[in-house]
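Take a look at the structure below.
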Amino acid sequence: MAHRWKNDLTHDDVTPYNTYLNRRQIMAGMAGVGLAAMAGTRASAMTLEPNSYEDITSYNNFYEFGTGKGDPAKHAHRLTTDGWSVEIDGLVDNPGSYAFEDIMKNMSVEERIYRFRCVEAWSMVIPWNGFELKDLLDMAGVQSSAKYVAFETLYRPDEMVGQKFRSLDWPYVEGLRLDEAMNPLTIMATGIYGKPIPNQNGAPLRLVVPWKYGFKSIKSIVKITLTDKQPPTSWNKANAREYGFYSNVNPTVDHPRWSQATERPIGGGLFAKRKETLMFNGYENEVAGLYEGMDLARNF
Ligand code: MTE
């Protein structure tokens, strides 16, 4: 299952996944140590300490359930996810409605421990379970004229109480350029810490693009459209001056109302030290090439 394990490290750095798993089990067995991710040898650059399950599932942004960080955990239990399917349409050879169970039968799910950086300048480290978006797109058969991928979240105001308010223009929509979508770092997450993804984190499947601000990682996806035009995105529609299409994590390009140079790690307590934000959230080796020759201050 772990044949394509990738962390935020270059290939030379990465400890083979089995060694990593063994270490993880050893660490987990040591009282109080918990799930430390020991991915390599150069300790400072290598070690990603995942946040607790509690942090990850109680401090959320999911405006369909309210605008407060605690609202999703409070209200998302009302969302029913059985019988879930994803409509894949547009410039694909095999358009149609794909049942979540059928998708899972065909995808190889693995663990990815990723940094997660919200545009609001807080951050976490999250052990996702998921599969590469590319594998799903390959199943749908992307046509050569496709240039972008558009995503859409469920619209069901009876269950998603926040959709009764116009905090955003519903349904939530997002998009990626096709090469970003096909990048091996881009995953569809279906779990956290080995359990099915909780409703407040985007059940049953959500996008995770670890080098972009968190709002690109759209939750509870019901529709994926391959298109030749740059698709609209929710936060860009709400405020184009503040939220661009690319939204790559970039400590040198400030948000109009705050700096993006540092971040506040969630879970470190009230007095936790802020950390310096890394270019592309630390995934520069893997993705900088996607943006060669582009002005990233203009294409923010
Ligand atoms: N997806 C939908 N459908 N609705 C949302 O409000 N919020 C985004 C993103 N995906 C959001 C969404 C934002 S702003 C962030 S930071 C992340 O989800 C938060 O993901 P998390 O709650 O799992 O940490």
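Whatever order the structure lists them in is the order used to number ligands and atoms, beginning at 1.
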Is it true that F165 and Y63 have ring centroids separated by less than 6.0 Å?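 Centroid separation for F165 and Y63: 6.0 Å or greater.
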So that I know where these two stand, are W235 and Y243 an aromatic pair - ring centroids less than 6.0 Å apart?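 Close enough - the centres of the two rings lie under 6.0 Å apart.
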Ligand 1 atoms in contact with [X] (distance to a heavy atom under 4.0 Å):
X	value
C118	16 (S)
F62	2 (C), 3 (N), 4 (N), 5 (C), 6 (O)
N60	21 (P), 22 (O), 23 (O)
T153	3 (N)

Any heavy-atom pair between the side chains of L278 and W211 that's under 4.5 Å?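 In short, these two side chains do not touch, never coming nearer than 4.5 Å.
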For the residue pair K216 and F245, would you count it as a cation-pi contact if the rule is NZ or CZ under 6.0 angstrom from the ring centre and within 45 degrees of the ring axis?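 Yes, K216 lies over the aromatic ring of F245.
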Ring of Y53, cation from K195 - is the NZ or CZ under 6.0 Å from the centre and inside 45° of the axis?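 Yes, cation above the ring, under 6.0 Å and within 45°.
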Minimum-distance protein heavy atom relative to [atom]:
atom	answer
atom 4 (N) of ligand 1	E64 OE1, 2.8 Å
atom 10 (N) of ligand 1	S217 O, 2.9 Å
atom 1 (N) of ligand 1	K219 N, 3.1 Å
atom 7 (N) of ligand 1	N61 O, 3.3 Å
atom 5 (C) of ligand 1	Y172 CE1, 3.4 Å
atom 6 (O) of ligand 1	Y63 N, 2.8 Å

Once you measure the plane-to-plane angle for H255 and W258, does it fall in the parallel (<30°), tilted (30-60°) or perpendicular (>60°) bin?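 Geometry flag for W258 against H255: parallel rings.
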Check this for me: does any side-chain nitrogen of one of [X] and [Y] sit under 4.0 Å from a carboxylate oxygen of the other?
X	Y	value
R112	E132	yes
R156	D158	no
K237	D169	yes

Tell me the contacting part of [X] for ligand 1: side chain, backbone, both, or neither, using a 4.0 Å heavy-atom threshold, strictly below.
X	result
E120	neither
F116	side chain
R206	side chain

